[in-house]
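Read through the structure below, which is laid out as structure tokens, and then see the notes.
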There are 2 protein chains.
Amino acid sequence: MKDTTPIQLKEIGLKITPQRQAILKLLKGNETHPSAESIYSEISKKFPGISFATVYNTLSKLIEAGEIRELDIDPNKRRFDPCVAPHTHFYCQACGNIFDISHDFHLPLTIKRIDGHQVDVVQLNLKGVCKNCRKIP
Amino acid sequence: MKDTTPIQLKEIGLKITPQRQAILKLLKGNETHPSAESIYSEISKKFPGISFATVYNTLSKLIEAGEIRELDIDPNKRRFDPCVAPHTHFYCQACGNIFDISHDFHLPLTIKRIDGHQVDVVQLNLKGVCKNCRKIP
DNA sequence: TCATAAATTATAATAATTATAAAATAAGAA
DNA sequence: TTCTTATTTTATAATTATTATAATTTATGA
Ligand SMILES: [Mn+2]
Ligand SMILES: [Mn+2]
Ligand SMILES: [Zn+2]
Ligand SMILES: [Zn+2]
């Protein structure tokens, strides 16, 4: 039988717990850019007793370890992305969904300095009305 | 004596009140990208009785009218910018200050559609450690 | 001056997130 | 395998930012 132990946790110095495994599994390959709330709701199905603190704590640790990243695009809540490679996002102001944009806008991704400031993160955010919401007038 | 009446309010269909005049005056030319809290604190000096609701209400009206805009860059609070012309921002993760970046990154400012989505806003956000915070190790 | 819609205020409510401390548990040592 | 302990989870409270409500006040135009 295939070993499904998520070695990622061990690698970043975290204890392997069922809750963390579930959160990691939910995130892996997830392209919805979930919020803490949506992660909590989903995980609750399998772990009815999980607490919000565990979700937030785990997300913080994963961000620290560089396994996931946080987006600054939803004005109402934190949103998370398991894909840490740089890419553009589109936020729908009607439904709140976030879409990956694969088009290359030739961003200054390697810039390390500007106006004397040290640049660590570069984010291009687009906002408007998504494909789906445009249909429903 | 010079007329200092802010005609902007009348123009956008809002009643001229001392509170609104003060908020508008504080915003005009302000490059600090203030939060509701910082606006409230500052205005309170002249209007000790002003309420947070007035600050938020006024900001909402001004955004609606396109007189100011809101940034999605500070993960903790809403930040406002009286300059509505498109420009890049830098957020310091150490001190929370936001700086305007005048360098032209050739953003797709005229794009109206991508992947079927209707694009209304384009924001380029840089984050890291600002000039001032780098000095204090 | 007066009528009235709009704005302001005090206050409560909501939503997201963070803090605290006790109980549970993963993981390595014995 | 059992023991030990630091880590993690949970329940709960606290905090912070923002929005909602309703009574009072005020700007504005007749
Ligand atoms: Mn993404
Ligand atoms: Mn600006
Ligand atoms: Zn949508
Ligand atoms: Zn700084």
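The model shown is predicted, which means the values in this text are computed figures rather than measured ones. Convention: sequence-line order gives letters A, B, ...; per-chain numbering from 1.
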Evaluate the criterion ring pair (Phe, Tyr, Trp, His ring centres under 6.0 Å) for residue pair B:Phe99 and A:His117; output intermediate values, then yes/no.
-> CA-CA 9 Å; B:Phe99 301 84; A:His117 311 310; 4.4 Å; yes
Would A:His103 and B:Asp115 count as a side-chain hydrogen bond (donor to acceptor under 3.5 Å, both in side chains) if you check the C-alpha gap in whole Å, the side-chain angles of each, and the deciding distance to 0.1 Å?
-> CA-CA 9 Å; A:His103 183 268; B:Asp115 293 359; over 6 Å; no
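When all heavy atoms of A:Tyr91 and A:Gly96 are compared, the pair lying nearest together is CE1-O, 3.6 Å. Counting all heavy atoms, side chain and backbone alike, A:Arg20 lies closest to A:Lys15 at NH1-O, 3.0 Å.
Scanning residues 60-83 of chain A for heavy-atom distances under 4.0 Å to DNA chain C yields A:Asn76, A:Lys77, A:Arg78. Annotation: proximity of residues 35-50 of chain B to DNA chain C (heavy atom, distance under 4.0 Å) is found for B:Gly49, B:Ile50, numbered in ascending order.
Using a 30° and 60° split on the angle between ring planes, A:Phe52 and A:Tyr40 fall in the parallel class, below 30°.
Using modelled atom types and a 3.5 Å distance limit, the side chains of A:His89 and A:Asn125 yield no donor-acceptor pair. Side-chain polar atoms of A:Glu37 and A:Ser41 form a donor-acceptor pair below 3.5 angstrom.
Checked by atom type and distance alone, the side chain of A:Ser38 never pairs as donor or acceptor with a backbone atom of A:Pro34 at under 3.5 Å. When atom types are taken as modelled, the side chain of B:Thr58 and the backbone of B:Val55 share no donor-acceptor pair closer than 3.5 angstrom. Judged purely by atom type and a 3.5 angstrom limit, B:His33 uses its side chain to pair as donor or acceptor with the backbone of B:Ile98.
Here the rule is side chain to side chain donor-acceptor pair (under 3.5 Å) with A:Arg79, and of A:Thr32, A:Asp74, A:Asp72 only A:Asp74 fits it.
A sub-4.0 Å separation between OP1 or OP2 of D:dT19 and a side-chain N or O of B:Tyr56 is absent. Close to C:dT9, at under 4.0 Å from its OP1 or OP2, lies a side-chain N or O of B:Gln19. Neither OP1 nor OP2 of D:dT9 sits under 4.0 Å from any side-chain N or O of A:Ser51. Side-chain nitrogen and oxygen atoms of A:Arg20 include none within less than 4.0 Å of the OP1 or OP2 phosphate oxygen of D:dT7.
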Pairs under 3.5 angstrom, nitrogen or oxygen only, protein versus nucleotides 28-30 of chain D, please.
from, atom 1, to, atom 2, distance (Å)
D:dT28, OP1, B:Ile16, N, 2.8

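In this entry the distance linking CG of B:Asn57 with P of D:dT18 reads 13 Å, nearest Å. Straight-line distance from the CD atom of A:Gln21 to the C1' atom of C:dA27: 14 Å, rounded to whole Å. Atoms CZ (A:Phe52) and P (D:dA13) sit 17 Å apart, rounded to a whole Å. As a whole-Å value, the separation of A:Ile23 CD1 from D:dT9 C1' is 11 Å. Taking atom CG on A:Leu59 and atom C1' on C:dT17, their separation rounds to 12 Å, with Å as the unit.
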